Amino acid sequence: VRVFFGPLVILMAAVFAAGAEEEKAESARLSSFVGAIAIGDLVKSTLGPKGQDKILQSFSNPKNVQVTNDGATILKSIGIDNPAAKVLVDMSKTQDDEVGDGTTSVTVLASELLKEAEKLIAAKIHPQTIISGWRKAVECARTTLTENARDHGSDPVQFREDLLAIARTTISSKILTAAKEHFAQLAVNAVLRIKSSGNLEAIQIIKKLGGQLKDSYLDEGFLLDKKLGVNQPRRIENARVLIANTPMDTDKVKIFGSRVRVESTAKIAEIEEAEKQKMKDKVGKILAHNANVFINRQLIYNYPEQLLAASGVATIEHADFEGVERLALVLGGEIVSTFETPEKVKLGRCDLIEEIIIGEDKLLRFSGVALGEACSVVLRGATQQILDEAERSLHDALCVLTQTVKETRTVFGGGCSEMLMANKVQALAVATPGKEAEAIEAFARALRQIPITLADNGGFDSAELVSQLRAAHAANQTTMGLDMEKGEVGDVAKLGITESYKVKLQVLLSAAEAAEMIMRVDSIIKAAPRQRTRT
């Protein structure tokens with residue numbers, strides 16, 4: 001490449017390897033905006049209690065179908081090529097991991113911020129000026145949200161009402177909304193059981209086809225979706241449980257990749273007998289632990305099962321890894337793989353293990369476990385897709401409630417908090433001189449898009465409703481929000497539309513940070529693909 005500067009000719013060497021691509025300046029920024037805004041538009045229709053669902057079908061496995069309106073599930077299930085869009089997808093996953101809910105809200109807010117930024121860039125306002133204005137707007141919005149948060153953490157009765165209101169609000173936008181009150185009570189009861197530790201692992205969710213969603217219930221024991229071995233007692237009291245992850249299938253010849261040449265079938269019998277003796281010795285070491293129940297993650301073949309049963313030890317095989325991990329936590333035991341030192345192994349304990357029937361399936365219930373707060377939620381439903389979505393919905397509610405138990409402040413939902421923040425940010429824009437005021441005002445417009453989207457998804461006149469809501473807040477009616485049942489502006493304090501302060505704050509901060517990161521982009525460089533060479 002030759003660059004001419006008057007009489008000088010400078011030869012510029014190629015910087016990138018052959019096949020690499022680079023987008024610069026306006027082209028790169030436009031590409032980032034288009035990708036991120038497309039992601040926001042994709043999930044926007046799922047926001048709020050009247051949001052629509054998406055059907056997700058695997059290309060490689062057409063039978064794998066998901067029906068969901070959970071933002072994080074939708075975004076992590078689709079293939080994305082745009083780098084800026086991937087930033088929003090990662091942000092949504094982080095929101096899901098941190099607080100469990102608000103995954104759609106955070107994506108929509110970040111997308112709206114970038115839509116506003118696109119207009120400001122077109123008006124020749126520098127990205128750094130926009131970012132500076134946004135930071136002031138975020139600080140103003142954060143202060144407003146904190147000032148208007150309520151805290152009933154010291155009043156157990158009122159705090160339980162807050163938790164129920166948050167659970168209803170969270171569930172109202174999910175498939176569980178038809179049985180909102182039932183699942184709100186179920187989720188709050190489960191979370192209040194684990195209030196001391198806040199460990200969600202102590203809540204087991206079991207999905208069983210059949211019945212309807214309203215048939216779901218909370219069981220105050222720990223349920224394991226497995227059966228006891230053949231000819232073993234169906235009820236075990238004062239159980240001492242040894243939990244293991246070890247192979248129990250070496251009662252036959254297993255010499256892979258090798259050939260064994262013997263002179264007669266009697267020699268094969270000797271090898272089998274040696275294998276059998278080896279397994280018998282292993283069972284002897286297990287019995288030395290003085291347990292009366294043996295639970296293994298792997299298979300237990302007939303011979304060791306027979307030996308254990310003869311010694312009065314009940315066996316449960318092939319417990320999945322997550323189930324074994326949770327079982328060890330709940331029973332207060334340890335997962336062991338070797339059995340040389342019985343005195344160092346901590347056995348799990350519970351008062352009663354019994355077999356129960358749910359629908360047409362048999363399960364094991366562990367009652368009186370060491371971790372007394374442990375419980376199980378049994379979900380019923382007509383199809384596997386309904387059960388999967390119900391599990392995601394309930395998990396979101398449990399995550400939000402767990403976070404609220406730790407951070408007890410709450411704020412109002414229904415677009416109320418967004419309008420409060422937008423009005424304060426708008427007032428800051430009026431008082432701010434220079435071009436930063438344009439960026440601050442744009443931030444306020446982006447915040448107002450949340451109630452606008454809520455109204456649009458409900459099929460209501462968003463322009464009319466949001467203008468009424470804005471006027472109500474301007475008249476200092478700061479508890480007014482959108483009543484999505486009646487399609488009008490209502491007092492959300494009376495309606496009980498409450499959200500977790502931590503969720504709302506995380507949405508604000510994450511969306512602003514992600515939008516700021518994308519705003520800073522002025523070049524997109526794609527590395528050259530690795531050349532495959534035949535050897």
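What you are looking at is a predicted structure, and each value in this text was computed from that prediction instead of being measured.
Remark: E360 does not engage K208 in a salt bridge, criterion side-chain N to carboxylate O under 4.0 Å. Between K174 and D101 there is a salt bridge, since a side-chain N of the basic residue sits under 4.0 Å from a carboxylate O of the acidic one. Contact check on K504 versus E418 returns a salt bridge, with a Lys/Arg side-chain nitrogen under 4.0 Å from an Asp/Glu carboxylate oxygen. Ion pair E355/R235 not flagged as a salt bridge, since none of the NZ, NE, NH1 or NH2 atoms sits closer than 4.0 Å to an Asp/Glu carboxylate oxygen.
Of the N and O atoms on the side chains of N189 and Q185, not one donor lies less than 3.5 Å from an acceptor on the other residue. Donor-acceptor pairing under 3.5 Å is lacking for the side chains of R409 and N148. Between T146 and Y501, the side chains place a donor N or O and an acceptor N or O closer than 3.5 Å (distance only, hydrogens not considered). Between the side chains of K54 and S45, a donor-acceptor pair is found at a separation under 3.5 Å. Under the 3.5 Å distance criterion, with hydrogens and angles disregarded, a donor-acceptor pair is assigned to the side chains of Q204 and R326. For the residue pair T68 / E389, a side-chain donor-acceptor distance below 3.5 Å is found, with atom types taken as modelled.
The salt bridge (Lys or Arg N to Asp or Glu O under 4.0 Å) test with E354 is passed by exactly one of R234, K362, R365: R365. Evaluated for a side-chain contact (heavy atoms from CB on, under 4.5 Å) with T315, the options L307, I300, L228 yield exactly one hit, I300.
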>> Pair E273, K276 - check salt bridge (Lys or Arg N to Asp or Glu O under 4.0 Å), show working.
In response: CA-CA 5 Å; E273 189 59 38; K276 226 171 185 180; 5.4 Å; no

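Using modelled atom types, no side-chain atom of T46 and backbone atom of D53 make a donor-acceptor pair closer than 3.5 Å. Within the 3.5 Å criterion, the main-chain N or O of G102 finds no donor-acceptor partner in the side chain of S105.
Considering only residues two or more places apart in sequence or on other chains, F339 meets the ring pair (Phe, Tyr, Trp, His ring centres under 6.0 Å) condition with H289.
Distance check, rounded to the nearest 0.5 Å: NZ of K50 to CD of E485 gives 5.0 Å.
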